[in-house]
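Heads up, the thing below is written out as structure tokens.
Only a predicted model underlies this, so the values are computations on that prediction, with no experimental measurement involved.
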Number of protein chains: 4
Amino acid sequence: MVKTKIKDPELISKRQRQICAGAMNVFKNKGFHATSIREIAKASRISLGSLYDYIEKKEDILFLVHKQILHDLYAVLDESIKKYDDPVAQLIHAARELFYSSMPLKDEVLFIYTETKSLERKYLHEVLQRESEFVGRFEALIRDGLAKGVFSCPNPEIAANLVAYLLAVVPLRGWNILPRHSQEDLLEHLLGLVLHCVGVSPEAAGEAREGWQ
Amino acid sequence: MVKTKIKDPELISKRQRQICAGAMNVFKNKGFHATSIREIAKASRISLGSLYDYIEKKEDILFLVHKQILHDLYAVLDESIKKYDDPVAQLIHAARELFYSSMPLKDEVLFIYTETKSLERKYLHEVLQRESEFVGRFEALIRDGLAKGVFSCPNPEIAANLVAYLLAVVPLRGWNILPRHSQEDLLEHLLGLVLHCVGVSPEAAGEAREGWQ
Amino acid sequence: MVKTKIKDPELISKRQRQICAGAMNVFKNKGFHATSIREIAKASRISLGSLYDYIEKKEDILFLVHKQILHDLYAVLDESIKKYDDPVAQLIHAARELFYSSMPLKDEVLFIYTETKSLERKYLHEVLQRESEFVGRFEALIRDGLAKGVFSCPNPEIAANLVAYLLAVVPLRGWNILPRHSQEDLLEHLLGLVLHCVGVSPEAAGEAREGWQ
Amino acid sequence: MVKTKIKDPELISKRQRQICAGAMNVFKNKGFHATSIREIAKASRISLGSLYDYIEKKEDILFLVHKQILHDLYAVLDESIKKYDDPVAQLIHAARELFYSSMPLKDEVLFIYTETKSLERKYLHEVLQRESEFVGRFEALIRDGLAKGVFSCPNPEIAANLVAYLLAVVPLRGWNILPRHSQEDLLEHLLGLVLHCVGVSPEAAGEAREGWQ
DNA sequence: AATGAATGAGAATTCATTCAT
DNA sequence: CATGAATGAATTCTCATTCAT
């Protein structure tokens with residue numbers, strides 16, 4: 001997807017990961033626009049010339065970073081879903097995992113939300129596609145719960161979007177909540193909303209929680 | 001707050017509004033960093049030199065825009081709260097108004113969420129203060145409902161934050177929901193969550209809705 | 001010489017003195033180029049618009065300042081010459097007066113030396129003429145001493161130039177001498193050189209000094 | 001001392017000399033402030049971008065030029081002192097050499113005198129140090145002569161300052177002397193003053209002169 | 001494949017000067 | 001006569017990108 005001057009595919013992906021890691025470190029502090037290519041090269045421990053052997057334009061780096069962050073989030077989500085069979089347990093568990101993952105990934109998630117519009121059309125499409133697939137994971141989970149009769153909600157797609165959105169509250173609004181409230185209190189509130197979203201009966205929810213708490 | 005070279009205060013606020021309006025128009029498409037001062041001047045129909053008579057640095061414009069958008073959102077919120085006495089009705093009505101207002105203000109709200117971190121310390125404090133006061137409006141409303149016994153929730157401040165956050169879903173995630181679902185369906189879902197947030201009994205909610213639907 | 005938009009000649013010279021005084025104050029710290037017209041206007045307590053009623057271009061101010069400083073130096077010189085009849089006493093006295101005057105006028109004299117080349121041709125000529133007349137005062141004094149047989153030097157014009165130059169040592173090199181040596185020691189050295197310049201016999205010099213010390 | 005983006009130290013000093021030479025050419029006519037960076041780049045035959053690879057700020061160029069000029073003056077001075085053993089001969093010879101060197105270096109020396117105050121604190125200190133060391137060379141020479149009994153003056157440091165100052169008369173006041181008098185006449189006068197400064201007996205001076213004239 | 005020097009377009013900002021009131 | 005708002009050309013400096021080695 002990103003055009004390079006190098007042939008060896010292994011080298012390409014190794015160096016691109018290197019660039020990603022370096023770039024993310026500087027993006028956190030200064031954002032995409034305010035960071036110069038020189039700084040990215042230095043942070044990646046790659047020379048300016050070599051950097052341009054592995055990308056074409058500065059924007060390519062933004063895309064690589066985006067891809068990497070979404071990849072990490074997917075990993076968290078898939079990992080936690082596959083640990084349970086029961087949709088209610090899956091949902092609660094996944095929500096909890098994502099919530100706690102979004103603490104260290106706070107900057108990255110915020111980055112996704114804030115710098116997506118800087119991507120050019122070519123990449124924007126693919127990134128939004130991926131983000132939408134992320135929501136798709138939740139939608140599948142919800143549909144599964146509906147089929148099994150443990151969820152009840154009229155519109156699984158809207159519900160999935162809202163669940164995914166709710167779980168991003170820490171990166172986006174954490175600054176106004178977490179200084180004065182515990183993570184646990186916030187998570188409790190969020191889980192309540194998430195379960196309400198998919199229409200779990202309180203009893204079912206209680207059971208599922210007991211099972212693993 | 002923003003240092004100018006002009007003495008006439010009326011002229012200052014007139015021109016700063018003019019600059020705000022122009023800047024917002026170009027920021028929508030390109031964001032703050034990617035927009036040059038020249039473009040802002042052109043969009044504001046002010047000469048480059050005059051522009052700098054009304055601000056000190058480019059960042060001042062970001063602050064002015066922030067202030068303006070928050071001002072508009074406050075106006076919507078206060079207006080709609082004032083129309084009712086019953087907290088349930090107030091909440092439902094305010095949520096609905098904000099939801100529909102955030103359609104045309106979509107870009108502005110997204111801007112607030114995405115470009116806040118570009119503000120320098122001096123302004124950041126004031127802007128976050130204002131945003132936090134916005135949440136404060138909801139908190140006051142919720143506490144009123146609690147006092148009157150129509151709401152029931154353990155943590156009004158978290159609830160207020162989540163309510164405010166939920167109502168920003170259109171600017172932040174609308175692109176993934178609205179192409180395939182109606183505004184009404186989304187609003188319905190949101191209202192459900194909002195009411196759940198503050199612990200309104202379904203009957204009370206039903207009554208309040210009937211009263212004005 | 002400086003073109004104005006105002007008719008009343010008294011007002012012109014009053015305002016131009018005002019501008020001079022203000023300008024000199026800011027020039028001392030920042031020099032001519034680094035000082036903006038706005039700063040000059042503020043320092044002169046004249047509005048930007050009015051300022052341009054009394055001058056045509058920024059450079060005019062430089063010329064006015066030059067003229068003023070030279071005027072002050074002339075005053076010191078003429079004043080001290082006319083107090084004595086004996087050329088030796090005149091020379092010693094004038095040198096001493098100029099030396100001590102150049103302490104408070106240090107910045108102004110340095111300014112003359114450093115910013116003369118910023119004057120445009122039209123003014124440069126007049127300014128150099130005046131500076132040269134300043135030297136002329138000394139030349140006349142020396143020629144008078146030669147005629148009276150108390151001085152003896154082959155080239156009065158060179159001598160006059162050197163005398164005038166020597167007396168500017170404080171503004172130009174004071175920073176390297178005065179921190180470690182007294183004014184009196186420096187003056188003593190200078191007077192020795194000045195008298196040598198014009199070929200005063202030590203005895204004559206001694207007599208003249210005794211007369212007024 | 002001057003921060004660069006380039007690693008190769010040889011290239012750095014080569015290019016900085018190139019910049020110096022170019023800058024001095026344009027500074028001569030217009031001075032430091034009135035010369036734009038673009039003009040300097042053009043005169044140095046370096047692209048604007050590259051120029052900024054070898055300096056950080058415009059002021060760095062001023063410092064480089066200062067350093068270069070002082071370096072050249074040192075070379076002249078040291079060279080000529082080294083040629084003789086006798087302090088009287090050294091002094092006369094050095095003065096003569098500096099006098100004639102300051103003809104082609106006229107603009108440069110004037111530049112030193114007039115633009116030193118434009119240097120920022122960081123550089124100012126170093127430059128004044130160097131200028132003061134220049135005077136120090138003369139001071140050492142004078143102290144040597146005192147030790148050997150051929151000079152007689154109460155304050156060698158003041159004398160050294162005055163000697164150095166006298167030898168700068170061409171750049172600073174040459175415009176008023178040289179159009180009407182020969183270099184030789186002026187030099188003769190100056191040498192008389194210089195020797196008087198350090199208290200050489202006329203006979204000793206005569207001898208030393210005869211030796212090499 | 002890697003390096004780092006070179007480039008010039010474009011960014012923010014300043015400022016002398018003009019002009020309407 | 002006085003005021004201060006308006007203008008845009010010019011300034012310093014940055015940065016993505018290319019290219020020779």
* To do: Taking all heavy atoms of V127(A) and all of L70(A), pick out the closest pair and write down the distance.
  =>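 Here V127(A) and L70(A) meet closest at O-CD1, 4.2 Å.
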
* To do: Give the minimum heavy-atom separation between S47(A) and A41(A), together with the two atoms involved.
  =>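 Looking at all heavy atoms of both residues, the closest pair is C-CB, 4.4 Å.
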
* Residues E126(B) and R130(B) bridged, charged N to O under 4.0 Å ->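 Yes.
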
* **Neighbour count above 12 (heavy atom, 6.0 Å) for K122(B) NZ** =>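 More than 12 within 6.0 Å, yes.
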
* Closest-nucleotide 5' rank along DNA chain E - winner of Y54(D) and K57(B) ->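 By nearest-heavy-atom nucleotide position, the 5'-most residue is Y54(D).
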
* Could you pick out which residue, I55(C) or L51(A), lies toward the 5' side of DNA chain E when each is mapped onto its nearest nucleotide? =>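 Nearer the 5' end of the strand: L51(A).
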
Please state how far atom [atom1] in [X] lies from atom [atom2] in [N], giving the value in whole angstrom units.
{"X": "K3(B)", "N": "dT13(E)", "atom1": "NZ", "atom2": "C1'", "answer": "15 Å"}
{"X": "D60(B)", "N": "dA12(E)", "atom1": "CG", "atom2": "C1'", "answer": "13 Å"}
{"X": "I37(D)", "N": "dA11(E)", "atom1": "CD1", "atom2": "C1'", "answer": "16 Å"}

* Asked: First and last nucleotide of DNA chain F touching chain D, 5' to 3', heavy-atom cut-off 4.0 Å?
  ->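 The contact span of chain D on DNA chain F goes from dT12(F) to dT14(F).
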
Looking only at atom types and distance, does a side-chain atom of [X] sit under 3.5 Å from a main-chain N or O of [Y], one as donor and one as acceptor?
{"X": "Q18(C)", "Y": "S44(C)", "answer": "yes"}
{"X": "T114(B)", "Y": "L110(B)", "answer": "yes"}
{"X": "T116(B)", "Y": "Y113(B)", "answer": "no"}
{"X": "E115(B)", "Y": "L62(B)", "answer": "no"}
{"X": "D60(C)", "Y": "K57(C)", "answer": "yes"}

* Looking at DNA chain E, which of residues 4-23 of chain B put a heavy atom within less than 4.0 Å of it? ->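 Nothing qualifies; none.
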
* Can you run through DNA chain F from 5' to 3' and write each base as (, ), [, ], | or . depending on how it pairs? Watson-Crick or G-U wobble, both distances under 3.5 Å. => .||||||||||||||||||||

* Residue closer to the 5' end of DNA chain F, E39(D) versus D53(B) (nearest nucleotide) ->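 Nearer the 5' end of the strand: D53(B).
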
* Residue met sooner reading DNA chain F from 5', once K58(A) and R45(B) are mapped to nucleotides ->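 It is R45(B), whose closest nucleotide lies nearer the 5' terminus.
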
* To do: Using the six-membered ring wherever Trp is involved, compare the ring planes of F32(C) and F27(C) and label them parallel, tilted or perpendicular (cut-offs 30° and 60°).
  =>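 The arrangement is perpendicular - the two ring planes meet at more than 60°.
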
* If you look only at pairs with a residue in residues 24-38 of chain C, which of them pass as a salt bridge (charged side-chain N to carboxylate O under 4.0 Å, His left out), with sequence neighbours excluded? ->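 Found K28(C)-E108(C), K30(C)-E39(C).
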
Give me the distances for all protein-to-nucleotides 8-10 of chain E N/O pairs that come in under 3.5 Å?
from, atom 1, to, atom 2, distance (Å)
dG8(E), N7, G49(D), N, 3.2

* Non-neighbouring partners of K5(A) that pass side-chain hydrogen bond (donor to acceptor under 3.5 Å, both in side chains), sequence neighbours left out ->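 side-chain hydrogen bond (donor to acceptor under 3.5 Å, both in side chains) list for K5(A), sorted by chain: empty.
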
* **Straight-line distance of I12(C) CD1 to Q16(C) CD, nearest 0.5 Å** =>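 Between I12(C) CD1 and Q16(C) CD, I get 6.5 Å after rounding to 0.5 Å.
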
